[in-house]
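Convention: sequence-line order gives letters A, B, ...; per-chain numbering from 1.
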There are 2 protein chains.
Amino acid sequence: MTDADPTAREGAAQTMQDVASSLGVSVSTVSLALRGNPVVSEATRARVQAEALRLGYVYNRSAANLRTKRRHLVGFVVPDVANPFVAESALGLQAAMSEGSQFVVLANTHEDLAVQTGIIRELAEERAAGLVLIPAIGTGPDELDALRATQMPAVIMNRHLPGDRFPYVGADDEAVVDIACDHLFGVHASRTVAYFGGIDDAVPHVLRRARFSSNVRAAGLVEAMEWGVPTRPNSDSAYEVASRLIAEGTRPPEAVVCHSDMIAIGVLKALNDAGIPPAECRVVGIDGIRLASMTTPGLTTVSVHAPSLGRLAGELLLHGTGDDETVRSLVPQLVVRESCGCRT
Amino acid sequence: MTDADPTAREGAAQTMQDVASSLGVSVSTVSLALRGNPVVSEATRARVQAEALRLGYVYNRSAANLRTKRRHLVGFVVPDVANPFVAESALGLQAAMSEGSQFVVLANTHEDLAVQTGIIRELAEERAAGLVLIPAIGTGPDELDALRATQMPAVIMNRHLPGDRFPYVGADDEAVVDIACDHLFGVHASRTVAYFGGIDDAVPHVLRRARFSSNVRAAGLVEAMEWGVPTRPNSDSAYEVASRLIAEGTRPPEAVVCHSDMIAIGVLKALNDAGIPPAECRVVGIDGIRLASMTTPGLTTVSVHAPSLGRLAGELLLHGTGDDETVRSLVPQLVVRESCGCRT
DNA sequence: CTGAAAGCGCTTACAG
DNA sequence: CTGAAAGCGCTTACAG
């Protein structure tokens with residue numbers, strides 16, 4: 001492809017200086033030409049570009065950035081990349097950033113605060129343009145202070161921390177719960193209901209549970225408290241907890257809304273194992289990950305559009321709104337499949 | 001946390017120069033002290049460190065790297081991060097890199113060659129320490145030449161390109177197929193069998209199909225060619241193809257090995273829709289993603305240990321073996337669940 | 001339209 | 001044990 005001069009090549013990386021002297025012009029000219037600055041003549045630009053190509057020159061963006069103090073990478077700091085919701089968000093974030101020709105650096109905290117702190121420090125040393133953070137469980141004022149101290153723009157995602165003063169991107173928790181409840185309580189007229197899974201005192205969990213309970217009261221239904229239990233944010237934990245409940249003889253409620261699709265997938269598996277059909281226990285997930293269409297029964301879910309959330313976070317980071325504390329979210333959408341008892 | 005002097009702080013980012021003058025020492029001393037070089041006295045080191053902390057100084061790694069010509073980030077260039085296999089590999093890669101205090105930059109090609117080429121060029125401009133590439137469909141000699149021209153160390157993953165001369169990390173395709181066949185042909189004594197899904201002329205697909213066919217012949221079985229069809233590398237495509245086959249009345253073979261777990265998930269869904277149990281059509285996946293335990297029936301699969309593959313790729317990149325063309329892979333492992341008809 | 005020079009924030013011989 | 005100076009590869013006023 002690049003038809004590089006092998007003799008010029010072996011001397012390792014070429015610099016602007018190299019192409020300048022090879023052409024008998026100054027580095028300024030090369031720099032200007034390569035950037036396409038109209039101040040250099042078309043003819044010169046062409047010569048410079050040809051020579052750069054011939055020498056196999058490749059622009060050193062880091063050097064340029066050191067000079068201009070521009071940054072070119074953002075971090076996506078998450079508890080678990082292999083969580084589909086996170087991966088789908090990463091997709092959106094990455095798309096947004098690549099439009100600003102920024103890179104997104106992926107970092108896993110594994111829900112470990114020390115790891116998270118270390119990663120944030122490293123991003124600061126890297127002079128990242130900012131970061132999107134899904135806080136590890138237990139993230140509190142100390143961690144947030146440390147983050148603020150780095151002076152990097154940051155947006156918090158998915159797990160809203162009370163009073164953190166950082167821009168936040170996440171689902172509209174109450175709308176999400178309302179949509180799930182409307183379908184389950186209204187369309188399906190379930191009587192005993194529960195909100196299943198999620199991390200115990202994480203804000204979204206608290207918010208959603210509270211909303212759920214108030215919806216239940218408003219509808220005059222009964223909340224199956226034994227099934228209103230927290231789990232870790234993955235299918236395995238959900239499966240384990242739900243299976244145990246069933247094995248212990250705790251009768252599943254007529255309807256359960258799950259804190260996430262991954263949790264719902266675990267619940268569905270437990271229900272399938274026990275031979276309990278949607279008609280007996282209707283389940284609705286939250287998130288709308290791609291996988292939700294592949295379960296049996298198909299998972300009815302309230303989609304919050306993970307890729308869009310990621311994209312939103314990226315845009316917030318790049319173009320920054322003046323004020324902190326902004327909550328942005330898309331309007332959630334019910335995706336009906338079979339797990340709620342529709343279409344069976 | 002960092003108890004930074006607010007007056008010092010407002011003048012934006014602090015530099016070594018700032019802490020040096022604040023202390024009345026030279027930048028060399030600061031640099032040496034901060035790096036923990038034993039040549040500077042313990043007392044000085046302590047003073048420097050305290051002052052750096054007080055000023056809220058944060059090390060500028062990029063500047064350092066420009067000087068030392070050391071690189072500190074690697075790219076993971078993939079068709080689709082949201083594919084669980086890829087995400088799990090990313091986990092392993094990230095773990096390996098963070099041990100070398102390197103960052104991994106995630107980049108999605110969406111199977112688009114032009115995007116892939118652009119990303120690789122950007123990584124080169126970034127002076128990445130290297131990259132791990134899952135080649136987009138259609139990647140050929142031109143793309144590989146361009147990659148080579150960047151002079152970055154690269155390791156190819158999952159989709160082996162013939163004669164590319166790059167180190168390769170991926171499953172041992174033949175062993176994987178043998179394991180699946182042994183179980184299906186031996187333990188379950190299936191008679192009509194098929195290899196389902198995967199990208200048509202991608203190397204792993206070709207290799208695995210060939211191995212599958214020769215195993216079939218060796219066992220004197222009959223290959224159900226109508227079910228030996230390619231798909232795109234995701235559940236939706238697999239579901240669509242399998243559903244169509246069933247709808248058209250093409251009787252499923254007694255056993256099918258799927259090119260990946262995601263494809264198997266699609267097949268399982270199609271089979272479930274049609275009410276065809278494992279006893280009638282046994283399916284085995286390949287990959288061993290976490291999700292495989294959550295399907296109904298549970299997916300029997302040949303695990304290739306995605307995180308380890310990612311880690312291996314990272315190590316290969318970092319410590320580089322002298323010779324190209326190295327194929328490294330872990331020994332695949334059969335994980336038995338219900339989709340093959342065991343434990344039902 | 002082009003060139004010489006300073007500077008981004010570090011590291012690293014080299015003196016002292 | 002510490003300091004002065006050069007240099008990594010760029011960009012950007014400032015002259016000419």
Side-chain angles (χ1 to χ4, degrees), chain A residues 8 11-49 51-52 55-72 101 122 124-129 150-151, chain B residues 8 11-49 51-52 55-72 101 122 124-129 150-151:
Chain A
Q14 302 293 305
T15 70
M16 282 190 176
Q17 185 54 258
D18 294 325
V19 358
S21 28
S22 165
L23 235 37
V25 301
S26 76
V27 280
S28 340
T29 303
V30 174
S31 175
L32 264 12
L34 255 26
R35 297 295 80 198
N37 190 315
V39 86
V40 2
S41 70
E42 178 55 32
T44 309
R45 201 181 55 66
R47 284 176 58 225
V48 168
Q49 257 161 358
E51 188 64 8
L55 293 179
Y57 167 76
V58 10
Y59 184 58
N60 187 328
R61 196 184 291 244
S62 304
N65 288 147
L66 173 59
R67 180 62 231 253
T68 61
K69 299 197 150 193
R70 222 167 281 129
R71 285 99 194 245
H72 48 293
S101 70
E122 288 191 319
E125 293 186 352
E126 216 49 82
R127 295 296 187 270
T150 66
Q151 317 227 50
Chain B
Q14 302 292 305
T15 70
M16 283 190 176
Q17 185 54 258
D18 294 324
V19 359
S21 28
S22 166
L23 235 38
V25 302
S26 76
V27 280
S28 340
T29 303
V30 174
S31 176
L32 264 12
L34 256 24
R35 299 292 81 199
N37 190 316
V39 85
V40 3
S41 70
E42 177 56 31
T44 309
R45 200 181 55 67
R47 283 176 59 225
V48 169
Q49 255 159 1
E51 187 65 7
L55 293 179
Y57 166 75
V58 9
Y59 184 58
N60 186 328
R61 198 184 289 244
S62 305
N65 288 148
L66 173 58
R67 181 61 231 250
T68 60
K69 299 196 150 195
R70 221 169 280 129
R71 286 99 194 246
H72 49 291
S101 70
E122 288 191 320
E125 293 186 352
E126 218 48 83
R127 295 297 187 269
T150 66
Q151 317 227 50

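If you find the closest nucleotide of DNA chain D to Glu42(B) and to Arg127(B), the one lying nearer the 5' end belongs to Glu42(B). Nearest-nucleotide assignment on DNA chain D puts the 5′-proximal partner with Val40(B), out of Val40(B) and Ala64(B).
At dT2(D), one or more side-chain N or O atoms of Thr44(B) fall inside 4.0 Å of OP1 or OP2 (strictly under the cut-off).
Residue-level contact check: Arg61(B) touches neither bases nor backbone, having no heavy atom under 4.0 Å from any strand. Residue-level contact check: Thr68(A) touches the backbone only, with heavy atoms under 4.0 Å from sugar-phosphate atoms and none from bases. Among the protein residues, Ser62(B) comes within range of no part of the nucleic acid, since none of its heavy atoms lies under 4.0 Å from any strand. Here Thr15(B) lies in heavy-atom contact (under 4.0 Å) with sugar-phosphate atoms only.
Distance Leu66(A) CG to dG7(D) P: 17 Å, rounded to the nearest Å. At whole-Å resolution of the value, CD in Glu126(A) and P in dG9(C) are 16 Å apart. Atom CE in Met16(A) sits roughly 19 Å away from atom P in dA5(C) (whole-Å rounding). Across the protein-nucleic acid pair, Leu34(B) atom CG and dT2(D) atom C1' stand 16 Å apart, rounded to whole Å. Between the CG atom of Asn37(A) and the C1' atom of dT11(D) there is a distance of 11 Å, rounded to whole Å.
Ion pairing between Glu122(B) and Arg61(A) holds under the 4.0 Å rule for side-chain N and carboxylate O.
With a cut-off of 3.5 Å on both Watson-Crick or G-U wobble distances, the partner of dA4(D) is given as none. Remark: dA13(C) base-pairs with no nucleotide in the shown strands. Criterion, Watson-Crick or G-U wobble with two distances under 3.5 Å.
When all heavy atoms are compared, the tightest approach of Leu34(A) to Met16(A) is CD2-CE, 4.2 Å.
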